[in-house]
Amino acid sequence: MEIIEAIHARHSTRAFKDTPVPVETLTDIVRDAQQTPSWGNSQSWQVAIATGATLERIKQGFADATQTGLTENADLSKVHRGDFSAFANQNMGHWVGTFHPIIESDPTTYWDSRGHLYRAPAIAYLLLDQSPNSWSIYDLGAFSETLMLAATGRGVQSLASYDW
Ligand SMILES: Cc1cc2nc3c(=O)[nH]c(=O)nc-3n(C[C@H](O)[C@H](O)[C@H](O)COP(=O)(O)O)c2cc1C
């Protein structure tokens with residue numbers, strides 16, 4: 001797939017099929033993403049990919065935590081619409097306005113899928129050192145996009161997701 005085609009074809013998938021992704025494909029995607037530029041070629045990102053029985057345990061733990069209402073404890077704090085510029089706020093409002101009616105027309109499907117980490121057959125955790133600087137976080141975002149474009153190019157759907 002051409003890069004321009006991949007840029008336009010990538011979109012957030014929020015309910016995955018349970019088709020396993022071969023480990024060779026996952027490795028190729030990570031290798032592709034390693035081409036991402038970084039501050040001083042620091043490449044400070046690390047990737048841990050969970051699949052199979054390990055991922056099942058993670059999903060079960062997540063589902064249990066969601067049901068018991070466990071408090072979020074993500075490394076980057078959650079931000080809300082009010083924390084963004086008026087322009088960004090408008091974009092977010094547009095998104096909520098189009099996305100929410102879809103969720104509300106069939107809430108079980110979305111929330112059930114989300115509660116099970118979208119039933120993804122593989123999850124890539126993007127990691128940084130304990131005290132990352134702003135440029136490492138910038139580079140991680142770039143790495144994340146290259147990773148998702150590489151996945152698209154290799155026929156694998158993706159979703160960037162904030163979870164804890
Ligand atoms: C850092 C980041 C975190 C995100 N977290 C979530 C999430 O937790 N749940 C979700 O449904 N979408 C999440 N998204 C997906 C965005 O909502 C999505 O990219 C945006 O609506 C644009 O849609 P598209 O990716 O289909 O072009 C996240 C995206 C990014 C970049």
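Remember, it's 1-based here, ligands and their atoms both numbered in the order they're listed.
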### Message
Through direct or indirect side-chain contacts below 4.5 angstrom among Ile, Leu, Val, Met, Phe, Trp and Tyr, which residues connect to W111?
### Response
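Members other than W111 - counting any ILVMFWY side chain reachable under 4.5 Å - are F16, W95, V96, F99, I103, Y110, Y118, L159.
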### Message
Is it the case that the side chain of T54 and the backbone of A50 share a donor-acceptor pair, with hydrogens and angles ignored and the cut-off at 3.5 Å?
### Response
no
### Message
With a 4.0 Å cut-off on N to O distance, would you call R119 and D18 a salt bridge?
### Response
no
#### Entry: Within 6.0 angstrom of Y138 OH, more than 12 heavy atoms from elsewhere
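No, OH of Y138 has 12 or fewer neighbouring heavy atoms, counting only those of other groups under 6.0 Å.
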### Message
Can you confirm whether more than 12 heavy atoms, excluding those of Q90, are under 6.0 Å from its CD atom?
### Response
no
### ligand 1: protein residues within heavy-atom distance under 4.0 Å
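Near ligand 1, by chain and number: R10, H11, S12, R14, W95, Y110, R114, Y118, L159, A160, S161, Y162.
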### Donor on one side chain, acceptor on other, S136 and D139, under 3.5 Å
no
